Amino acid sequence: MKKLFISFIATFFLFVSASYAELPPEAQGKPVPSLAPMLKRIMPAVVNISVVGEIKYPVNPFAEPSKRPQYNYPPTTPWSQRQRREKRPIQPPSKFQSLGSGVIVDTQKGYIVTNAHVLRDAKTITVTLNDGRQFKGKLVGQDTASDIAVIQIHAKNLHSLAFANSDNLNVGDFVVAIGNPFGLKQTVTSGIVSALQRNGLGIEGYENFIQTDAPINPGNSGGALVNLKGQLVGINTAILAPDGGNIGIGFAIPANMVDSVIKQLEKYGAVHHGRVGIMIQNLTPGLAQAFGFPQSESGAVVTYVNHFSPAEKAGLKAGDVIQKVNDKVVKNAGEVTSIVGLLRAGTDVKMQILRGNKTFNIDVITASTKQYEKLTQERNPFLYGMNFNNFNRYSTTHGEVQGVQVTNLTKNSPAAHAIPIGVRPGDVIVSANNKPVKNIAELEKIAKASKDQLLLNIYRGSGAMFVVVK
């Protein structure tokens, strides 16, 4: 009886397995959907990048060897000087090796795009192609603010990827990530576009990321994010990984941004980011209501316009809402920063502005960081590097205080090194050269008339002091 029962069970499972293995009649004889044909065509365009470099760093003599960092930043000058004074041996450079990915974008010139952070502190760059060939890479140019770099190899029979228009991406589009995670050979993962225009993450200087759930891991940096046509939609850059592993939140730099940076690096060897001289924030429904706009209104609110800036010259004012930049609708401050920042200095930027109940267009000519700093420094050297707000408030310590509050301060500005203690954000300037200061215009007038130094009386917290800016 027992043998008969076992035989029955075995026959049952064979029957069930056979029934599940059979395809329905309408599917029999038809090919199974697969990404293999597309991947076979484009995978030769994705390469492995190996970097060897050296990093000089100071070592804490009191730290336990096991706690000493393996990857650090170069030493500061004061520490090196201290080592020389005390005749301590300077720590020899620490060698490191890192791996990343890259995408061939020009077969004739041998150009490969990758992340700038992949090449950080690189001494030698080795590129391994999909077919196993290896070549030494030469750095064409890099832009750390956007985290894009271009290297060049001299090789024949290369394959490149065509660029898609990343502005046409939609949440839910299928995408495929190709790279070399953890030093493994080419690996393909798939997913969808989870979100667009991600910014404010603090990963890069200019952020407008594509978010995807296609698994991206260490080593994928610089690899390709492609659509189902095999076109490049982004360069894989970062992951959100609290525990160091993939949790389905990866970020890629959009192809349109990558293309813009590549063209500037190829032509100029560097990206001279344009500046217009404004501070902005997202227009939230609450802010929109406060400004008297419909809550559905989106864009970027101008919160501050720097003096002598291109924006001030063009007529921008605090409270203006930027709706379009170069005919492209912008939904948040990050988009404005990315679009303007990736335009070369000297470029004419067309902005659609909402002010009150009126919409109008203005043209702003971007300036380079060096041009802008030089201009502001020449116009008013003592106030260079500071941003202000008019201040009129009651203080329990000082009573009614009227003056100018420092809202922002450049680290290497003259005011930051004022004698005997530098000016700090939050300080309220109540007098300059012993003359009362009630607003920004009065402060600028006094500072502009000063020759060798500017004497400021500032309130800081519950105290007050004089400082000298030279």
Side-chain angles (χ1 to χ4, degrees), residues 38-51 99-120 122 124-169 175-180 185-186 188 204 206 208 210 219-237 252-273 342-344:
M38 179 269 286
L39 292 171
K40 185 177 180 180
R41 175 171 52 86
I42 69 168
M43 285 179 70
V46 182
V47 304
N48 175 278
I49 297 176
S50 176
V51 169
L99 299 172
S101 305
V103 179
I104 300 173
V105 294
D106 190 321
T107 58
Q108 297 298 318
K109 297 178 181 178
Y111 283 168
I112 298 169
V113 65
T114 185
N115 286 135
H117 76 257
V118 170
L119 308 179
R120 186 178 296 139
T124 61
I125 303 169
T126 303
V127 176
T128 304
L129 303 184
N130 177 263
D131 59 15
R133 289 182 292 162
Q134 288 191 337
F135 300 90
K136 292 296 181 184
K138 174 187 175 184
L139 181 65
V140 175
Q142 61 180 332
D143 179 52
T144 55
S146 61
D147 201 12
I148 293 294
V150 175
I151 58 179
Q152 184 181 36
I153 61 173
H154 297 287
K156 296 180 180 180
N157 300 321
L158 296 177
H159 301 267
S160 63
L161 278 186
F163 279 71
N165 183 353
S166 55
D167 288 342
N168 293 334
L169 276 177
V175 287
V176 176
I178 310 172
N180 301 275
K185 292 184 178 180
Q186 278 194 354
V188 177
E204 315 292 0
Y206 297 97
N208 193 26
I210 301 165
N220 271 115
S221 290
L225 188 71
V226 301
N227 58 22
L228 296 188
K229 294 180 180 179
Q231 298 171 319
L232 185 72
V233 297
I235 293 294
N236 301 322
T237 298
I253 302 170
N256 288 3
M257 181 185 293
V258 174
D259 186 49
S260 173
V261 173
I262 289 174
K263 288 176 179 175
Q264 292 197 51
L265 291 177
E266 181 182 3
K267 188 173 182 179
Y268 305 105
V271 179
H272 296 286
H273 297 283
L342 291 173
L343 294 174
R344 193 166 178 81

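Computed from a predicted model, the values in this text were never measured in an experiment.
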- To the nearest 0.5 Å, atom CD of Q134 lies from atom NZ of K136 at 8.0 Å

- Task: Start with the C-alpha gap between I253 and V261, add the side-chain angles, then the distance that decides, and say whether side-chain contact (heavy atoms from CB on, under 4.5 Å) holds.
- Result: CA-CA 11 Å; I253 302 170; V261 173; over 6 Å; no

- Message: If you compare all heavy atoms of D106 against all heavy atoms of S160, which two are closest, and at what distance to 0.1 Å?
- Response: N-CB, 4.2 Å

- Result of checking L232, V103, V46 against I178 for side chain to side chain contact (heavy atoms under 4.5 Å, CB included): V46

- Message: When you compare the side chain of Y111 with that of V140, does any pair of heavy atoms fall below 4.5 Å?
- Response: yes

- What's the shortest heavy-atom distance between G230 and R41, and which atoms? CA-NH2, 4.3 Å

- Task: For residues V105 and V150, determine if any side-chain heavy atom of one lies less than 4.5 Å from a side-chain heavy atom of the other.
- Result: no

- Query: Does the pair Q264 and D143 meet the rule for a side-chain contact (heavy atoms from CB on, under 4.5 Å), with working shown?
  - Reply: CA-CA 10 Å; Q264 292 197 51; D143 179 52; over 6 Å; no

- Message: Distance check, rounded to the nearest 0.5 Å: N48 atom CG versus N180 atom CG?
- Response: 4.5 Å

- How about T114 and I235: do any of their side-chain heavy atoms sit closer than 4.5 Å? no

- Given side chains that start at C-beta, do those of I112 and F135 come closer than 4.5 Å, heavy atoms only? no

- Measure the NZ-CD distance between K263 and E266 for me, rounded to the nearest 0.5 Å. 9.5 Å

- Query: Is there a side-chain contact between V271 and S146 (heavy atoms, below 4.5 Å)?
  - Reply: no

- Heavy-atom nearest pair, G222 first then N115, reads N-OD1, 2.8 Å

- Message: Counting C-beta onward and ignoring hydrogens, is there a side-chain heavy-atom pair between I148 and M257 closer than 4.5 Å?
- Response: no

- To the nearest 0.5 Å, tell me how far L169 CG sits from L225 CG. 8.0 Å

- Return the minimal non-hydrogen interatomic distance between R344 and A270, and the atom names on each side. NH1-O, 3.8 Å

- Could you tell me which non-hydrogen atom of N236 sits nearest to which non-hydrogen atom of A224, and how far apart they are? ND2-O, 3.1 Å

- Message: Please check this pair: side chain of T144 against backbone of H117, looking for a donor-acceptor N/O pair closer than 3.5 Å.
- Response: no

- Message: Within this structure, what is the CD1-NZ distance for the pair I153 and K138, rounded to the nearest 0.5 Å?
- Response: 13.5 Å

- Task: Give the minimum heavy-atom separation between S166 and A255, together with the two atoms involved.
- Result: OG-N, 3.5 Å

- Item | Interatomic spacing from CD1 in I104 to CG in L158 - rounded to 0.5 Å | 4.5 Å

- Any H159 side-chain heavy atom under 4.5 Å of N130 side chain: no

- Less than 4.5 Å apart, any side-chain heavy atom of N157 and any of R133? yes

